[in-house]
Structures are given as structure tokens and as C-alpha cells.
S.K.: 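I am attaching a structure below and will ask some questions about it afterwards.
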Amino acid sequence: MLDRLGAAPGSAGVIDIDPALLELRLDEPMARHTTLRLGGPADIWARPADIPTLAALLSRCAATQIPVHFVGSGTNLLVRDGGLRGVVINLGRINQVSRPDPDGQPTRVEVEAGASTGRLLSRATAWELGGVEFLGGVPGSVGGGLIMNAGTYLGEFTNVVTQVRSLDLRGLEIVRDHAACGFRYRDSDLPKHEIVVWAELDLRPRPRAEIDAEVAALRKRRDEREPKKVPNNGSTFKNPTGDHAGRLIEVAGLKGTRRGGAIVSPKHANWLVVDRGIEPACTAADMLQLIDFVRAEVERVHGVRLETEVKVIGEAP
Ligand SMILES: Cc1cc2nc3c(=O)[nH]c(=O)nc-3n(C[C@H](O)[C@H](O)[C@H](O)COP(=O)(O)OP(=O)(O)OC[C@H]3O[C@@H](n4cnc5c(N)ncnc54)[C@H](O)[C@@H]3O)c2cc1C
């Protein structure tokens with residue numbers, strides 16, 4: 001694989017990239033890069049330091065027909081136990097948040113896709129700009145958040161995004177305005193075969209004390225309702241129209257249901273989590289079995305077919 005990429009020591013056509021600009025790891029366990037702590041190895045885990053390096057990597061993969069996958073902070077991913085073939089690209093090093101024109105356009109913020117949602121929220125708060133309070137307690141990268149249109153009852157990305165830039169598989173840039181992103185409930189039209197690299201947001205002036213108070217209230221509410229200290233993905237299923245997946249699962253009597261080391265959280269029924277300390281240790285296959293069982297039971301009891309919010313990727317072993 002490294003040979004095809006041209007990155008193996010001594011190989012011909014070496015990917016002309018300074019190793020300092022492109023971190024590559026072989027057979028990297030995806031369990032290290034997902035909050036569920038599950039998932040088999042990625043053939044190659046790649047972290048470019050800047051956009052030109054990312055573009056060069058993408059075009060090299062396209063030329064050599066190596067599949068690519070995009071992973072943010074892995075907070076919404078269930079990677080199968082066989083892992084991922086090809087190159088998994090993570091933008092964690094491309095993570096700047098800036099306010100390019102504080103005098104002329106004080107509410108305009110630019111953010112690179114590898115920035116964490118926490119970093120975006122804290123920079124906006126420091127600039128006394130409101131609009132992203134909804135991110136309080138929502139983990140992940142901005143890239144993943146845009147793909148998912150992540151949010152809470154306080155709002156979601158669609159409320160603040162004005163423009164998104166992505167690279168296609170040849171490394172060429174595509175610019176979309178808000179309408180072209182097709183944001184909807186925990187989803188968007190941003191294509192799977194493009195990597196989001198950057199977004200422009202339009203926020204609004206708001207005193208820091210107000211932002212802090214609203215975020216603190218959101219975090220407190222979450223702390224009371226959500227399981228802590230267990231590997232998880234947040235909500236496993238999307239809420240069906242007019243109802244809550246958690247309510248449907250709880251009424252079906254499924255809290256505490258287990259498959260191997262995967263369990264429906266006794267605290268929040270829509271959180272299918274890893275039960276630590278169970279032997280043998282939880283696998284992605286356990287979690288997939290639990291998801292299938294819960295979906296089937298909810299359909300049997302309520303006649304409602306739940307859709308996963310969590311993205312399932314990778315190969316079975
Ligand atoms: C404790 C906890 C609480 C949560 N609470 C919430 C909540 O309140 N609201 C909510 O909406 N979500 C919530 N989530 C889910 C998750 O935080 C969001 O979906 C988040 O936006 C995912 O971002 P990520 O960077 O982790 O994406 P990942 O999980 O890494 O990826 C998610 C999807 O985005 C794609 N992707 C990631 N980055 C890029 C990119 N740069 N370009 C193209 N595609 C990309 C991936 O291929 C994948 O399809 C929670 C998760 C946890 C663990």
C-alpha cells in the first residue's frame with residue numbers, strides 16, 4: 001500500500017511531501033480514534049498538516065486507486081472489526097479558527113474543518129460572538145459537525161454557516177453557499193466523496209456572560225441526562241418525526257439490554273454504550289447486533305423503524 005502511495009522508503013515516485021507535513025501510520029487501530037473505542041485497523045492513517053499536502057495526498061490516492069475515508073474526531077462512528085482498507089484521512093492538524101476582519105465584518109468567523117467544536121465555541125465566546133452556544137457538550141470536529149449538521153435544542157450548524165469549502169477526490173476545491181449544503185436534521189447534502197476543509201460562519205454580537213450562562217445551562221442539563229465515563233457515540237438513533245428514539249426504546253423495555261459487551265444504557269435509552277470490564281471485551285459486532293435488535297424490537301412494539309445517527313463504516317473481519 002505504501003508502495004502504491006509512493007511513500008515507502010526508497011520507493012519510486014515517492015510522494016513528494018516532507019514527512020513533517022504528512023504524518024502516516026500503518027495498521028492504525030481505529031479504536032484509538034473513536035469515542036466508542038471500537039474498530040479494527042486502518043491500512044494507513046494520514047494526518048496532513050495543511051491543505052496543499054491534503055490535496056497532494058488525495059490526488060496521489062486517486063491516481064493509484066487507493067480508497068480514502070474521512071474521519072474527524074470519531075464521535076459519531078462505529079467502525080467494524082475488520083477496519084478500513086486504504087487511507088484514512090484526519091484533519092486534526094488543520095484546525096485554525098479566525099476572525100479575519102474584526103472591524104469591517106465583526107461577526108464573520110472562518111474555521112478549518114479539523115478544529116474541535118470546543119475550540120470554535122471558546123474562540124467565539126472570547127470574541128463575544130453568539131450563535132454557536134448549541135455546541136456546549138457536543139464533541140467532535142467542525143468537519144464532522146458540518147457533515148452531520150450537529151446540534152442541540154439551542155440550534156445546529158445550519159443556523160450559522162454561510163459557506164463551506166471541500167476538496168474532491170482529485171484534490172480540487174469546491175465552494176458551496178449555505179443553500180447548496182442541503183443541511184437537515186443530523187444530515188446534509190455534502191457529498192461523501194469530498195472532504196470538508198473550511199467553513200465561514202456568520203455569528204452575532206453577544207455579551208460573554210450571556211453566552212457562558214446559556215452554555216452552562218446546556219451542559220448541566222446534559223450532565224443530568226447522559227451516561228458518563230463509558231465509551232459512547234452520544235445518541236445512537238435519530239429521533240423519528242414528532243417523537244424521541246429514547247422514549248420508544250425505553251417504552252419497549254430495552255434499557256439494560258445487552259449483546260456481549262454492548263448495552264443499552266440504563267440512564268439514557270438512546271445511548272447504546274460499551275460496558276467496560278465485561279469479558280470478552282466489547283466488539284463492533286456486539287454493538288451492531290445490539291443496534292439491529294433494538295431497531296427490530298422498536299419496530300415490533302411501536303411500528304416505527306429507527307434510523308441510526310451513528311455512521312457505520314469499515315469491513316467485517
Ligand atoms: C458524548 C457525545 C455527545 C454527543 N452529543 C451530540 C449532540 O448533542 N448533538 C449532535 O448533533 N451530535 C452529538 N454527538 C455526535 C457527534 O458529536 C457529532 O455527530 C459530531 O458532529 C461528529 O463529529 P466528528 O468530527 O466526531 O465526526 P466523525 O464521527 O469522525 O465522522 C462523522 C461523519 O462525518 C464524516 N466526516 C468527518 N469529518 C469530515 C470531513 N472533514 N469531511 C468530510 N467528511 C467528514 C465522516 O466520514 C462520518 O461520515 C455526540 C457524541 C458523543 C460522543
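For this chain, numbers begin at 1 and follow the sequence in order. What you see below is based on every heavy atom in this structure, not just the backbone, and it leaves out hydrogens, waters and symmetry mates. Counting starts at 1 for both ligands and their atoms, following the listed order.
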S.K.: Output the list of atoms in ligand 1 that are nearer than 4.0 Å to some heavy atom of Met148, sorted by atom number.
M.R.: 19 (O)
S.K.: Look up atom CG in Leu135 and atom CG in Leu154, then write down how far apart they are to the nearest 0.5 Å.
M.R.: 10.0 Å
S.K.: Heavy-atom distances under 4.0 Å decide this one: backbone, side chain, both or neither, for Ile195 against ligand 1?
M.R.: both
S.K.: Atom CG in Leu78, atom CG in Asn76: separation rounded to 0.5 Å?
M.R.: 10.0 Å
S.K.: So does Glu194 pair up with Arg176, basic N to acidic O under 4.0 Å?
M.R.: yes
S.K.: Go through the steps for Arg165 and Glu200 under the test salt bridge (Lys or Arg N to Asp or Glu O under 4.0 Å), then give the verdict.
M.R.: CA-CA 9 Å; Arg165 291 190 192 158; Glu200 178 193 69; over 6 Å; no
S.K.: What part of Val196 sits under 4.0 Å from ligand 1 if we count only heavy atoms: the side chain, the backbone, both or neither?
M.R.: both
S.K.: Check each atom of ligand 1 against the heavy atoms of Gly145 and keep those under 4.0 Å away; list them by number with element.
M.R.: 21 (O), 23 (O)
S.K.: With rounding to the nearest 0.5 Å, note down the distance linking CZ in Arg219 to OG1 in Thr152.
M.R.: 11.0 Å
S.K.: Among all the protein's non-hydrogen atoms, which is closest to atom 27 (O) of ligand 1, and how far away is it?
M.R.: Gly144 CA, 3.6 Å
S.K.: If I take atom CG from residue Asn90 and atom CD from residue Glu23, how far apart are they, to the nearest 0.5 angstrom?
M.R.: 8.5 Å
S.K.: Answer yes if the side chains of Asp202 and Thr107 hold a donor-acceptor pair under 3.5 Å, and no otherwise.
M.R.: yes
S.K.: What about Thr35: any of its N or O atoms under 3.5 Å from an N or O on ligand 1?
M.R.: no
S.K.: For atom 46 (C) of ligand 1, what is the closest protein heavy atom, and at what distance to 0.1 Å?
M.R.: Phe70 O, 3.2 Å
S.K.: Of the listed options (Leu36, Thr117, Ile94, Ile147), which comes nearest to atom 45 (C) of ligand 1 when hydrogens are ignored and any heavy atom counts?
M.R.: Ile147
S.K.: Find all atoms of ligand 1 within a distance of less than 4.0 Å from any non-hydrogen atom belonging to Arg186, and give their numbers and elements.
M.R.: 10 (C), 11 (O)
S.K.: Show the atoms of ligand 1 that are less than 4.0 angstrom away from any heavy atom in Gly151.
M.R.: 7 (C), 8 (O), 9 (N), 10 (C), 11 (O)
S.K.: Check ligand 1 against Thr152 and write out every atom of the ligand that is under 4.0 Å from a heavy-atom position of the residue.
M.R.: 8 (O)
S.K.: To which protein heavy atom is atom 22 (C) of ligand 1 closest, and what is the distance rounded to 0.1 Å?
M.R.: Thr75 OG1, 3.2 Å
S.K.: Between the side chain of Arg222 and the main-chain N/O of Gly137, is any donor-acceptor distance below 3.5 Å?
M.R.: yes
S.K.: Below 4.0 Å from ligand 1: does a non-hydrogen atom of Tyr153 turn up there or not?
M.R.: no
S.K.: As an exercise, state the distance from CZ of Arg206 to CG of Leu129, rounded to the nearest 0.5 Å.
M.R.: 11.5 Å
S.K.: Measure Trp271 to ligand 1 on non-hydrogen atoms and call it side chain, backbone, both or neither using the 4.0 Å cut-off.
M.R.: side chain
S.K.: Ligand 1 and Ser73, any nitrogen or oxygen pair closer than 3.5 angstrom?
M.R.: yes
S.K.: What residue and heavy atom of the protein are closest to atom 1 (C) of ligand 1, and at what distance?
M.R.: Asn232 OD1, 3.3 Å
S.K.: If you measure from CG on Leu254 to CG on Asn270, what distance do you get to the nearest 0.5 Å?
M.R.: 11.5 Å
S.K.: Is any N or O atom of Pro139, backbone or side chain, closer than 3.5 Å to an N or O atom of ligand 1?
M.R.: yes
S.K.: Do any N or O atoms from the side chain of Asp50 and from the backbone of Thr53 form a donor-acceptor pair under 3.5 angstrom?
M.R.: yes
S.K.: Would you check whether Ala150 has a nitrogen or oxygen atom less than 3.5 angstrom from a nitrogen or oxygen atom of ligand 1?
M.R.: no
S.K.: Give the numbers and elements of all ligand 1 atoms closer than 4.0 Å to a heavy atom of Glu194.
M.R.: 43 (C)
S.K.: Does ligand 1 have a heavy atom under 4.0 Å from the side chain of Glu156, from its backbone, from both, or from neither?
M.R.: neither
S.K.: With hydrophobic residues grouped by side-chain heavy-atom distances under 4.5 Å, do Val196 and Phe70 end up in a single group?
M.R.: no
S.K.: State the atoms of ligand 1, each with its element, that fall below the 4.0 Å cut-off from a heavy-atom position in Gly140.
M.R.: 23 (O), 24 (P), 25 (O), 26 (O)
S.K.: Looking only at protein heavy atoms, which one is nearest to atom 48 (C) of ligand 1, and what is the separation?
M.R.: Leu77 CD2, 3.8 Å
S.K.: Please list the nearest protein heavy atom to atom 12 (N) of ligand 1 with its residue and the distance rounded to 0.1 Å.
M.R.: Glu309 OE2, 3.7 Å
S.K.: Is ligand 1 less than 4.0 angstrom away from at least one heavy atom of Arg222?
M.R.: yes
S.K.: For Gly234, is at least one N or O under 3.5 Å away from an N or O on ligand 1?
M.R.: no
S.K.: Nearest to atom 29 (O) of ligand 1, what protein heavy atom do you find, and at what distance?
M.R.: Asn76 N, 2.8 Å
S.K.: Can you classify the ring geometry of His33 versus Trp45 as parallel (below 30°), tilted (30 to 60°) or perpendicular (above 60°)?
M.R.: parallel
S.K.: From atom 30 (O) of ligand 1, work out which of Pro191, Gly72, Ser235, Ala115 has a heavy atom at the shortest distance.
M.R.: Gly72
S.K.: Counting N and O atoms only, with roles assigned by atom type, does the side chain of Arg295 sit under 3.5 Å from a partner on the main chain of Leu306, one being a donor and the other an acceptor?
M.R.: yes
S.K.: Any salt bridge between Asp286 and Arg258, counting N to O under 4.0 Å?
M.R.: no
S.K.: Check this for me: does any side-chain nitrogen of one of Glu307 and Arg305 sit under 4.0 Å from a carboxylate oxygen of the other?
M.R.: no
S.K.: Who's the nearest protein heavy-atom neighbour of atom 25 (O) of ligand 1, and how far?
M.R.: Ser141 OG, 2.6 Å
S.K.: Is it the side chain (CB and beyond), the backbone, both or neither of Leu190 that lies under 4.0 Å from ligand 1, heavy atoms counted?
M.R.: neither
S.K.: Between the main-chain N or O of Ala42 and the side-chain N or O of Glu28, is there a donor-acceptor pair closer than 3.5 Å?
M.R.: no
S.K.: Under 3.5 Å between some N or O of ligand 1 and some N or O of Val71?
M.R.: no
